Each structure stands twice: as structure tokens, then as C-alpha cells.
4 protein chains.
Amino acid sequence: MARGVNKVILIGNLGQDPDTRYTPNGNAVVNLNIATDESYKDRQTGQLVPKTEWHRVVMFGKIAEVAGQYLRKGSKVYIEGKLQTRKWQNKEGQDVYTTEVVVDINGQMQMLDSRGSDGGGASQSAPAGRPQQSTPAAQPQNSPPPAQSSGYNQSQPSQGSSMPEPVDDFDDDIPF
Amino acid sequence: MARGVNKVILIGNLGQDPDTRYTPNGNAVVNLNIATDESYKDRQTGQLVPKTEWHRVVMFGKIAEVAGQYLRKGSKVYIEGKLQTRKWQNKEGQDVYTTEVVVDINGQMQMLDSRGSDGGGASQSAPAGRPQQSTPAAQPQNSPPPAQSSGYNQSQPSQGSSMPEPVDDFDDDIPF
Amino acid sequence: MARGVNKVILIGNLGQDPDTRYTPNGNAVVNLNIATDESYKDRQTGQLVPKTEWHRVVMFGKIAEVAGQYLRKGSKVYIEGKLQTRKWQNKEGQDVYTTEVVVDINGQMQMLDSRGSDGGGASQSAPAGRPQQSTPAAQPQNSPPPAQSSGYNQSQPSQGSSMPEPVDDFDDDIPF
Amino acid sequence: MARGVNKVILIGNLGQDPDTRYTPNGNAVVNLNIATDESYKDRQTGQLVPKTEWHRVVMFGKIAEVAGQYLRKGSKVYIEGKLQTRKWQNKEGQDVYTTEVVVDINGQMQMLDSRGSDGGGASQSAPAGRPQQSTPAAQPQNSPPPAQSSGYNQSQPSQGSSMPEPVDDFDDDIPF
DNA sequence: TTTT
DNA sequence: TTTT
């Protein structure tokens with residue numbers, strides 16, 4: 001029903017492994033931090049000045065499952081989503097606003113590494129490798145709760161699919 | 001030099017008149033608040049539930065001049081820019097992060113109203129109409145300073161151009 | 001399932017009324033010609049040199065119905081779709097290739113005129129106004145058949161909906 | 001001066017090595033064929049049905065030089081450009097229309113392979129490797145002349161740059 | 001704070 | 001063939 005357009009397109013690399021959580025009804029929600037590089041040459045010195053922009057990305061549904069399973073720290077990825085700003089309260093009770101790129105059923109994701117992030121070893125490394133909570137970046141310090149944090153749990157996998165099943169058009173059940 | 005892609009595309013309406021400022025060297029910097037509407041029909045009630053996302057947009061250069069001159073509260077506009085998160089300090093000395101859509105020389109703007117925002121009266125209303133300082137919004141409450149706030153002044157026009165001079169292409173020498 | 005990205009974004013005006021047809025099973029297929037203007041100022045003469053690019057656009061499903069009902073010659077529209085090249089045979093039996101922008105269930109459309117194309121008169125003019133067969137254009141002269149031309153008919157409306165029902169995310173049944 | 005938007009975004013792989021030519025004044029013009037994959041699962045059989053769309057891409061300027069030097073058959077690439085349809089005459093003197101994605105100074109290119117297409121060996125393979133004329137694809141058979149074919153030559157390099165010099169931003173004076 |  |  002949108003009477004507007006709200007579109008974000010990013011190509012960048014993950015700053016850390018995805019943070020996967022699950023809604024009470026078992027839907028995956030994945031938080032990513034994606035760096036887009038815009039290093040530029042200083043016109044005085046001719047030096048290459050590094051300039052990195054960090055983006056908080058939240059994924060839902062089937063895309064989230066694939067992302068959680070196959071993306072890893074350093075993975076290069078294309079994502080298409082929309083801008084959304086959430087309000088939450090820090091421990092001092094102050095309103096804080098966090099802007100995220102939301103990738104839902106209307107969004108898209110493409111893994112841009114040779115074949116998945118780590119050559120198929122995704123499933124092996126996964127069991128041990130998901131518990132990081134690490135540096136959320138982008139809006140750090142008093143870092144915001146993950147999107148829709150109410151009652152997530154971080155372990156229960158929604159199902160044990162083993163094939164990648166590339167995503168981006170799909171029939172999903174998460175209401176946005 | 002970018003080794004990444006960082007692109008935002010919005011079509012929406014201005015929540016208020018543009019806030020135009022000038023750098024010490026006379027370059028225009030315009031702040032906009034753009035609403036993108038994503039109202040949706042509730043699947044229970046069938047009611048249309050309004051859902052609006054607000055975006056802080058900062059424009060620079062020639063695009064900023066055109067925007068400041070022709071856009072007004074309510075104007076519908078297409079913009080293409082990039083995501084950028086700035087850190088600033090609120091009066092309590094706490095770090096606050098504000099994410100904006102930056103429209104610079106690589107960005108684009110298209111006015112989508114019939115002919116300018118207000119039927120050609122833009123130039124007339126402009127002389128009187130620029131002095132608003134108004135609510136910068138989007139990440140309100142302890143609202144962030146406008147982008148690159150150091151030493152702006154809000155009156156000195158960089159020059160007295162009177163024709164719109166549509167922007168987004170630039171003087172080029174490659175023949176197409 | 002795409003392992004790639006194929007995306008087109010256009011904002012332009014219709015060169016003529018939409019050409020609406022229906023598949024045997026009643027699904028709407030709409031062909032549009034959209035002009036994107038890129039007029040530029042000649043650097044010698046300072047003259048504004050008109051330069052228009054014409055795009056063949058094919059829409060399917062609910063988007064097609066809305067487009068056929070509300071867009072008219074001159075309407076300004078935002079569309080998002082994908083590139084597709086079809087092969088067909090001209091009357092001399094030679095292969096001809098036609099590239100179109102396909103707007104399907106993954107695409108998007110936004111009408112950018114004040115309120116629909118013609119101020120609400122859409123529904124009145126529609127009953128009488130759909131029978132144009134007119135010049136399909138863009139790759140003219142031995143012009144290509146409309147997309148999926150096999151067995152369309154141009155009259156049977158798929159249903160008599162009267163409200164606009166804005167589109168762009170939807171549950172559709174046309175297989176792409 | 002554009003009063004419209006005409007934007008194409010592709011991520012895909014080269015069907016063959018780039019075809020590099022030079023204008024009389026030494027500017028590079030590169031033609032690419034890029035495949036975007038949209039394989040889908042057949043809903044009857046459950047089989048994965050391959051579906052590939054081929055795109056003719058024409059690049060100019062510095063982007064063209066980088067593309068010609070570093071991209072190779074199979075390279076994965078992100079490009080952003082605009083749609084353009086050219087008219088030319090086949091040997092029977094008939095008008096033929098060819099639609100291409102033009103990547104000029106307003107466009108963008110990103111190489112998405114690990115480090116260039118072939119791990120830095122680009123320069124070695126280049127001297128021997130540019131003379132292909134091969135299958136132009138997309139609008140094959142009576143294939144169109146390369147864009148702006150008048151008087152190209154395929155050998156003279158515009159200069160012997162050796163570093164990649166990533167492109168898509170340009171020397172700017174606005175500080176970001 | 002906008003728009004329909 | 002549109003628009004400004």
C-alpha cells in the first residue's frame with residue numbers, strides 16, 4: 001500500500017558473524033553489521049584515506065535463515081532493504097533512536113563470495129559459532145537492543161535445512 | 001574509490017520547509033525531513049493502518065540550492081543518496097548517533113510536483129520564506145545539530161541565481 | 001532463487017494511454033511506453049537540447065490492473081522492474097530482439113501525479129476508454145507483438161473493482 | 001538536467017572477456033555481456049529450471065579502462081547505469097533497435113571477485129588476451145555494431161596505467 | 001512534521 | 001509518443 005519509496009542498496013562486508021535470534025514462534029531474526037568502504041585519495045597528500053561506513057542490518061524470515069547459516073565475519077554481501085528508525089530507552093531511561101536497514105519479504109540478499117562465505121563449511125562451524133554478542137557497531141555505546149528484542153532466544157533453530165536455498169522472492173508469513 | 005555500494009532511494013513528502021544554511025565559503029547545506037508512507041491494511045480489521053517513516057536528508061552543493069529554493073513543506077520529491085551515521089554530543093555530554101541520507105554530487109534529486117512545489121510561486125515566496133530555523137526532527141528530543149554545523153549562517157545566499165537549473169547531471173565531456 | 005541482481009528504476013511520463021490485455025485466464029497484462037527526459041544544455045550554444053529515452057514496460061498482475069485503470073497518456077510514474085529481452089519474428093521471418101522492463105510481483109509502481117493521473121476521472125473514462133490498440137512503440141517499425149501475445153483479448157475485464165487499491169507488495173498468481 | 005530517472009542495477013557474470021576499443025581521441029569504450037541468473041524451481045516437478053538473462057553493457061571513460069583491464073570472462077561484477085536504445089541498420093538495410101545499459105560518468109562499477117577477476121594476473125594475460133571479437137550475445141544474429149562504432153580501433157591503449165584505480169567517485173571538492 |  |  002506504500003505511497004512512497006524507501007529503498008536501501010548495500011554491498012559490503014560483515015564486521016562480525018551474524019547474530020541470529022528466534023521469535024517465540026520460531027522465526028529467525030538476524031542482525032548484521034555491514035561495512036561499506038569509501039576510501040578516497042587525499043588531494044593534498046595523495047594518500048588513500050580510509051573511510052568506512054557501518055550499517056546495522058536486520059533480516060527476517062527465510063532470508064534471515066540463509067544469512068545466519070551462510071554469512072560469516074568478512075563475507076561480502078549485497079542487500080536490498082528499507083530504512084527504519086526505532087526508538088528505545090537506554091539504561092538512563094533516555095530515548096535513543098537507532099536507524100536500521102530492514103530486509104524483509106520485499107528485500108533481497110545475495111552472497112557475493114565465491115561459493116557462500118566459507119566454501120560450504122557453514123553448517124559445521126555454525127553449531128559452535130553462533131553465540132557471539134560482540135560489538136554491534138554503527139550506533140555503539142549503550143548499544144541498542146536487537147530489533148524486536150522482546151522474548152528472543154538465541155539457540156532454537158527453526159529447522160535443520162542443509163541446502164542453501166537461495167532467497168529473494170518467496171512466500172513468507174512474517175507480517176510487515 | 002569506493003569498494004562498496006551505499007545507496008538510498010526515497011520518494012516521499014517534506015514534513016516542513018527545507019532548512020537552508022551556508023558554509024563559511026558560501027556553499028549551501030540543506031536539511032530535509034522526508035516522510036515515506038507505508039500504510040497497510042490490517043488483516044484482521046481490514047482497516048488501513050497508517051505507517052510513516054521519517055528520514056533526515058542532508059544535501060550539499062548545487063542540489064542543495066535548488067532544494068532550498070523550490071521545495072516546500074508537503075513537496076513530493078525523489079532523492080538518491082547514501083547512508084551516513086554521525087556522532088555528536090548532547091548537552092549531557094553523551095554520545096548520540098544520528099543516521100542521515102546524504103545527497104552530494106553523486107546523488108540525485110527530482111521534484112515530483114506538477115511544476116515545482118507550489119505552482120511557480122517559488123521565487124516570490126522565497127525571499128520572505130527562508131528564515132525558518134524550525135524543528136530539525138527525525139531523531140528528535142535533544143535533536144542533533146544540522147550536518148557540519150560548525151559555523152553555518154542561515155542568511156547569506158551564496159549567489160542570487162534566479163533560474164532553477166535542474167541538477168544531477170554535471171558538465172561532462174563524454175558525448176552521449 | 002536469483003543468483004544475481006537485475007533491477008531497473010524509472011521515473012517518467014507515459015507517451016500514450018496504457019495498452020491493457022488479458023490472458024485467457026483473465027490476468028491483466030499492460031504495456032506502457034515511458035519517456036525519461038535527459039535534456040541537457042549544449043556547452044557551445046547554451047541551448048537546452050532535448051534528449052528523451054523511450055522505454056517499453058510490461059506489467060503483470062494486480063499492478064497491471066491498477067496501471068491500466070489509473071494511468072493515462074502523460075501520467076508521471078515510478079516503476080521498478082527487471083530487464084528482459086524477448087525474441088520474436090517479424091513478417092519477413094527474421095529474428096528480432098526486444099528489450100523490455102518487466103514489472104511483476106517483485107516490481108513496484110507508484111503513481112506520481114497529484115491524485116491518480118486525471119483527478120479521479122479515471123473510472124469514468126475507463127469504460128469507454130480502454131479499446132486502444134495503438135502504436136506499441138519503442139522498437140517501432142515492424143513493432144514487436146505485446147509480451148506473451150498468444151491469445152490475449154482486449155476487452156474482458158478480470159473483475160469490476162472500483163477502488164484504487166495501491167499496489168506493490170502483493171500475493172499474485174502469475175508464474176515468473 | 002534530467003527530469004526523470006533512468007537507472008539500471010545489475011550483478012552478474014561476464015559471458016566473455018570485455019571488448020575494448022578506443023575513440024579517435026583515445027577514450028576507452030568497453031562492451032560487456034553480463035548474465036544475470038534467475039533460475040527458479042518448477043512448481044510441478046520441483047526441478048531447478050535455469051533462466052539466464054543476458055545484458056549488453058557499454059562503458060565509457062575511466063570505468064571502461066578499469067573494466068577492460070581487470071574484468072575477464074566469468075568475472076562477477078556490479079554495475080549501475082542507464083537504459084539506452086540505439087538504432088542501426090543491418091546488412092539488409094533494415095532498422096534494428098538495440099537496448100544497452102550505458103555506464104558513463106554517472107554510473108558505477110564494482111568488481112566482486114576476491115581481488116580482481118584473476119588474482120592480479122590481469123596485466124599478464126591482457127597483452128595477448130584482448131583480441132576476441134566473439135559472440136556478442138543478447139541481441140545476437142546480425143549483431144549490432146558496438147556503441148559509437150564510427151572509427152574505433154582496438155589496439156591503441158590510452159595510457160599505460162598499472163594500478164587498478166578504483167572508479168565511480170570522482171575528484172570532488174565537497175568534503176565527506 | 002508530510003502525503004492519499 | 002510524454003513531460004518541463
Side-chain angles (χ1 to χ4, degrees), chain A residues 1-6 85, chain B residues 10-19 31-41 48-57 70-77 110-117 119-120 122 132 134-140 143 163-166, chain C residues 10-19 31-41 48-57 70-77 110-117 119-120 132 134-141 143 163-166, chain D residues 1-6 85:
Chain A
M1 323 294 182
R3 288 203 169 277
V5 171
N6 175 359
T85 298
Chain B
L10 301 176
I11 295 180
N13 301 280
L14 300 217
Q16 65 248 169
D17 282 3
D19 176 25
N31 281 267
L32 303 177
N33 278 287
I34 295 183
T36 54
D37 183 74
E38 308 174 67
S39 306
Y40 61 96
K41 216 175 282 173
L48 191 73
V49 183
K51 184 164 180 340
T52 295
E53 192 68 33
W54 286 97
H55 309 271
R56 286 185 61 91
V57 175
Y70 291 94
L71 295 179
R72 287 295 171 269
K73 178 178 178 174
S75 296
K76 187 187 285 292
V77 71
Q110 294 287 324
M111 297 179 290
L112 297 176
D113 297 303
S114 340
R115 47 249 172 81
S117 160
Q132 77 291 98
S134 53
T135 42
Q139 264 95 344
S143 65
M163 262 293 290
E165 289 224 56
Chain C
L10 301 177
I11 294 180
N13 300 279
L14 300 218
Q16 64 248 169
D17 283 4
D19 177 23
N31 282 266
L32 303 176
N33 278 288
I34 296 183
T36 56
D37 183 75
E38 308 174 67
S39 306
Y40 62 96
K41 214 175 283 173
L48 192 72
V49 183
K51 183 161 178 344
T52 294
E53 191 68 34
W54 286 97
H55 309 271
R56 285 184 62 91
V57 175
Y70 292 94
L71 296 179
R72 286 295 170 268
K73 178 177 178 174
S75 296
K76 186 186 285 291
V77 72
Q110 296 285 326
M111 297 179 289
L112 297 176
D113 296 303
S114 340
R115 47 247 171 81
S117 160
Q132 77 290 99
S134 52
T135 42
Q139 262 96 344
Q141 210 159 25
S143 65
M163 262 292 289
E165 288 223 57
Chain D
M1 320 294 182
R3 288 203 170 277
V5 171
N6 175 359
T85 299

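Order of the sequence lines sets the chain letters (A, B, ...), proteins ahead of strands, with each chain counted from 1. It should be emphasised that the depicted structure is a prediction, and the values quoted were computed from it without experimental measurement.
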Testing F/dT2, E/dT2, F/dT1 for proximity to the side chain of C/N33, the answer is F/dT1
*Backbone N/O of B/R72 and side chain of B/D17: donor-acceptor pair under 3.5 Å*: no
Ranking F/dT2, E/dT1, E/dT2 by distance to the side chain of B/N13, first place goes to E/dT2
Please work out if B/T52 contacts a base, only the sugar-phosphate, or nothing of the nucleic acid, heavy-atom cut-off 4.0 Å. base
In whole angstroms, the gap separating P of E/dT4 from CG of C/D113 amounts to 12 Å
To the nearest angstrom, the CE-P distance between C/M111 and F/dT2 comes to 21 Å
B/L10 atom CG is separated from E/dT1 atom P, nearest whole Å, by 21 Å
To the nearest angstrom, the CG-P distance between C/D37 and F/dT1 comes to 16 Å
Regarding C/T36, tell me which of base, sugar-phosphate or nothing describes its non-hydrogen contacts under 4.0 Å with the strands shown. nothing
Contacts of D/N6 meeting side chain to side chain contact (heavy atoms under 4.5 Å, CB included) (sequence neighbours excluded), chain-then-number -> C/L10, C/T36, C/E38, C/E53, C/H55, D/K82, D/L83
Report yes or no: does C/Q16 contribute a side-chain atom to a donor-acceptor pair with the main-chain N or O of C/K73 at less than 3.5 Å? no
Among F/dT4, F/dT1, E/dT4, the one nearest any side-chain atom of A/R3 is E/dT4
Checking E/dT1, F/dT1, E/dT2 against the side chain of B/Q16 (C-beta onward), the nearest is E/dT1
Among E/dT1, F/dT4, F/dT2, the one nearest any side-chain atom of C/K73 is F/dT2
note: B/I34, atom CD1; E/dT2, atom C1'; distance rounded to Å ~ 10 Å
From CD1 of B/I11 across to C1' of E/dT4 the rounded distance in Å is 15 Å
- prompt: Does a side-chain heavy-atom distance below 4.5 Å link B/K41 with B/V49?
  reply: no
note: B/Q110, atom CD; F/dT4, atom P; distance rounded to Å ~ 13 Å
To the nearest angstrom, the CD-P distance between B/E38 and E/dT3 comes to 18 Å
Worksheet item: Is B/D113 reaching over with its side chain to a backbone N or O of B/K76, donor-acceptor style, under 3.5 angstrom?
Response: yes
